[in-house]
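See below for the structure under consideration.
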Amino acid sequence: MFLTPSFLNSLTGKNEPIKTLEPGKVSMYVCGVTVYDDCHLGHARSQIVFDTVNRMLLTLGYQVRYVRNITDIDDKIIKKAHDSNRTIGEITSTYIDSFHSDMNRLKILPPSVEPRATLYLDHMIELIQTLIDKGHAYIKDGSVYFRVRSYSAYGELSHQQIAELRSGARVESDEGKEDPLDFALWKAVKEGEPSYDAPFGAGRPGWHIECSAMSLHELGESFDIHGGGLDLLFPHHENERAQSEAATGKTFVTTWIHNGFVTINDAKMAKSLGNSFRIASFFETSPFKDPVTAEWLRIFFLSTHYRSPVDISEESLGHAKASLDSLHEFQIRLEKVAKSRGIVPGPLFSGPSGRFLKALSNDMDTAVALRILHETKTSLNPMLDAGGDPSESDLSGALRLLLTVREIFGILEVPSEEWVFGKGEKGSSNMALSVAEAEAMIRKREEARAAKNFQKADEIRDRLRQAGYELMDNPGGLPRIRRI
RNA sequence: GGCGGCGUAGCCAAGUGGUAAGGCAAGGGUCUGCAAAACCUUUAUACGGCAGUUCGAACCUGCCCGCCGCCUCCA
């Protein structure tokens with residue numbers, strides 16, 4: 001590989017080239033979901049961001065071991081089961097299916113492994129026992145708590161001072177912890193709740209410990225990258241790091257990466273605010289006249305740097321769509337010319353593809369990467385017009401760029417002819433006219449045009465436009481129809 | 001109160017000390033019977049404000065203003 005990517009490491013606050021434990025290999029753990037509800041657009045962004053990291057590393061030539069967990073034991077799951085009179089198993093299997101369906105819709109590449117918390121209870125118990133043995137945890141009324149002050153680096157990751165956290169911490173007198181900051185590794189069994197046997201008493205795992213158990217087991221005591229949403233930085237990742245390093249005595253993770261939030265019309269998206277969009281419903285009942293697609297959502301999220309907040313609005317999504325449409329139009333033009341001249345894609349690491357990868361290697365600067373795509377489009381489009389004469393290296397460079405973009409961004413994969421002219425991923429539901437009907441009308445319009453009856457021709461075109469089809473006159477034959 | 005982030009054209013958004021990318025929208029033009037698409041062209045003496053460092057700052061430092069997030073479950 002010719003490029004070493006760098007990332008803004010939350011731990012150090014600096015943009016650093018990744019230092020992998022093994023040359024050419026990357027081990028990465030990303031927090032997946034707790035399966036108590038359908039995923040919303042915040043999950044979509046996070047998964048698209050880390051899918052893009054994964055895809056970039058693969059394209060750069062790294063061998064990636066990508067672990068994305070599923071947390072299937074948790075207070076919220078128990079509550080949901082109780083409230084809806086279903087078993088925990090029913091709840092978790094429902095939402096695991098829903099999660100997978102969403103990931104497929106978003107064209108997220110599957111991780112190398114997808115561990116489920118309930119299958120790692122032995123590892124959690126073992127880890128907790130180690131922490132007790134080493135004096136980093138204590139038992140209180142059947143629960144086990146992590147002793148935060150026994151781990152001197154606590155607060156380092158989220159850049160919090162223990163003293164400040166302590167003053168801000170809510171006093172939870174009823175829990176009887178030594179320190180308000182101490183957090184539960186194991187919660188003592190309660191009536192009507194699931195529990196598991198452990199040497200320190202029956203109960204169930206606290207939040208955080210499952211991720212340590214799964215990551216340490218799947219990736220080893222130290223690994224390269226740990227990612228997730230910014231909201232996980234504290235306390236989840238801080239606690240995860242503390243308990244892992246306290247147990248192993250080794251550096252847990254080298255590079256921590258966190259993505260920013262999704263807001264809707266400038267308000268934080270939260271279930272409590274009633275403004276969270278489920279991924280599934282966003283796809284199914286699009287707020288637009290066009291169905292939402294994976295490519296559309298991906299380019300939308302990738303238009304903003306992964307750490308910046310991104311606001312979803314009809315306008316911002318519309319911009320992304322227009323940008324993607326123009327890229328598909330370019331792809332049609334480029335591939336036509338390249339095919340007729342027998343041009344093949346150029347090398348990965350030079351030309352626009354090389355510049356694209358270089359931009360991504362700098363803390364995943366997807367906005368600059370997208371600029372390179374558009375600049376390539378803008379510089380080549382004039383030459384792709386009839387009479388133009390683009391050079392072979394321009395064409396092969398652009399072809400390679402498109403391949404690289406498809407691989408890493410997961411856009412421009414739907415054949416552009418289908419994208420632009422109304423089939424494929426865009427679907428043809430809720431259209432007033434079928435494609436066949438529209439084509440019949442186009443032929444009538446052509447007859448009218450041939451007879452110089454432009455009034456009638458324009459009338460037909462207006463009717464088609466109202467039905468959602470736009471005509472693009474084609475010098476060589478029948479006009480083509482484009483979904484608008 | 002503590003910690004962190006952000007503030008760049010009508011909107012979105014890059015920029016990590018060397019003289020403001022890109023997208024969307026808008027105006028003008030080429031092409032077209034007219035459109036659409038494509039192409040050409042126009043649109044920030046300017047980067048929240050005030051100081052400072054520097055030959056030089058949107059980028060560094062300080063202060064101020066405004067917005068947001070985290071500190072409690074959360075991608």
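Letters A, B, ... are given to chains in the order of the sequence lines, protein chains preceding strands, and every chain is numbered from 1.
If you measure from atom CG of A/Asn362 to atom C1' of B/rG15, you get 10 Å, rounded to the nearest angstrom. Following rounding to the nearest Å, A/Lys80 (NZ) and B/rC73 (P) show an atom-to-atom distance of 19 Å. Computed from coordinates, the A/Phe183 CZ to B/rU72 C1' distance equals 15 Å when rounded to whole Å. To the nearest angstrom, P of B/rA75 lies 11 Å from CZ of A/Phe99. The distance between atom CZ of A/Arg307 and atom P of B/rC70, rounded to the nearest whole Å, is 18 Å. Rounded to whole Å, the distance from CG on A/Leu8 to P on B/rG15 is 11 Å. Atom-to-atom, CG of A/Asp458 to C1' of B/rU32 comes out at 12 Å; the value is rounded to the nearest Å. Across the protein-nucleic acid pair, A/Lys321 atom NZ and B/rA25 atom P stand 11 Å apart, rounded to whole Å.
Ring pair A/His226/A/Phe252 is tilted by interplanar angle, where 30° to 60° counts as tilted.
Shown here is A/His100, whose NE2 atom has more than 12 heavy atoms of other residues, nucleotides or ligands within 6.0 Å.
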Restricting to nitrogen or oxygen on both sides, can you table the protein-nucleotides 12-14 of chain B pairs closer than 3.5 Å?
residue: B/rA14; atom: OP1; partner: A/His305; partner atom: N; Å: 3.0
residue: B/rA14; atom: O3'; partner: A/Asp365; partner atom: OD2; Å: 3.0

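B/rG52 and B/rG28 are spaced 46 Å apart, taking the C1' atom of each and rounding to whole Å. With P as the reference atom, B/rC59 and B/rC71 are 31 Å apart, rounded to whole Å. Comparing B/rU61 with B/rC68, their P atoms are spaced 25 Å from each other, to the whole Å. Taking the P atoms as reference points, B/rA14 lies 16 Å from B/rC60, given to the whole Å. The gap from the P atom of B/rU41 to that of B/rG48 amounts to 29 Å, rounded to the nearest Å.
Partners of A/Glu446 according to the salt bridge (charged side-chain N to carboxylate O under 4.0 Å, His left out) rule, which considers only residues two or more places apart in sequence or in another chain, are A/Arg449.
Between A/Arg149 and A/Asp182, no side-chain nitrogen of the basic residue sits less than 4.0 Å from a carboxylate oxygen of the acidic one, so the salt-bridge criterion is not met. The pair A/Arg371-A/Glu375 meets the salt-bridge criterion, since a charged nitrogen lies less than 4.0 angstrom from a carboxylate oxygen.
Closest to the side chain of A/Leu232, out of B/rA75, B/rC3, B/rC24, is B/rA75. For A/Asp231, counting side-chain heavy atoms from C-beta on, the closest listed nucleotide (B/rA21, B/rA75, B/rG23) is B/rA75.
Within the cation-pi definition used here (under 6.0 Å to the ring centroid, within 45° of the axis), A/Lys80 does not qualify as a partner of A/Tyr36.
Of the possible polar contacts, none joining the A/Glu240 side chain to the A/His208 backbone as a donor-acceptor pair under 3.5 Å is found. A donor-acceptor pair under 3.5 Å links the side-chain atoms of A/Ser215 to the main chain of A/Cys211, judged by distance alone.
The ring-ring contact (aromatic ring centres under 6.0 Å, His included) contacts involving residues 350-373 of chain A comprise A/Phe356-A/Phe409, where partners must be two or more places apart or lie in separate chains.
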Side-chain donor-acceptor contacts of residues 5-14 of chain A below 3.5 Å, not counting sequence neighbours, with atom names and distances?
residue: A/Ser6; atom: OG; partner: A/Asn15; partner atom: ND2; Å: 2.9
residue: A/Ser6; atom: OG; partner: A/Ser361; partner atom: O; Å: 3.3
residue: A/Asn9; atom: OD1; partner: A/Leu11; partner atom: N; Å: 3.0
residue: A/Asn9; atom: OD1; partner: A/Trp256; partner atom: N; Å: 3.0
residue: A/Asn9; atom: ND2; partner: A/Glu16; partner atom: OE1; Å: 3.0
residue: A/Asn9; atom: ND2; partner: A/Thr254; partner atom: O; Å: 2.9
residue: A/Ser10; atom: OG; partner: A/Trp256; partner atom: O; Å: 3.4
residue: A/Ser10; atom: OG; partner: A/His258; partner atom: ND1; Å: 2.7
residue: A/Thr12; atom: OG1; partner: A/Lys14; partner atom: N; Å: 3.2
residue: A/Thr12; atom: OG1; partner: A/Glu16; partner atom: OE2; Å: 2.8

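Nucleic acid contact class of A/Val262 (heavy atoms, under 4.0 Å, all strands): base. Within the nucleic acid shown, A/Phe261 comes within 4.0 Å of at least one base atom, counting heavy atoms only.
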Secondary structure of RNA chain B per the Watson-Crick/G-U criterion (both distances under 3.5 Å; [ ] crossing, | other strand, . unpaired) is ((((((((.[[[..)..(...]]].(((((.......))))).....[[[[[..)....]]]]])))))))....
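Annotation: of the two residues near RNA chain B, A/His208 and A/Ala320, the 5′-most nearest-nucleotide partner is A/Ala320.
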Taking protein heavy atoms under 4.0 Å as touching, what does nucleotides 35-41 of chain B look like 5' to 3' if B marks base contact, S marks sugar-phosphate-only contact and - marks none?
BBSSSS-
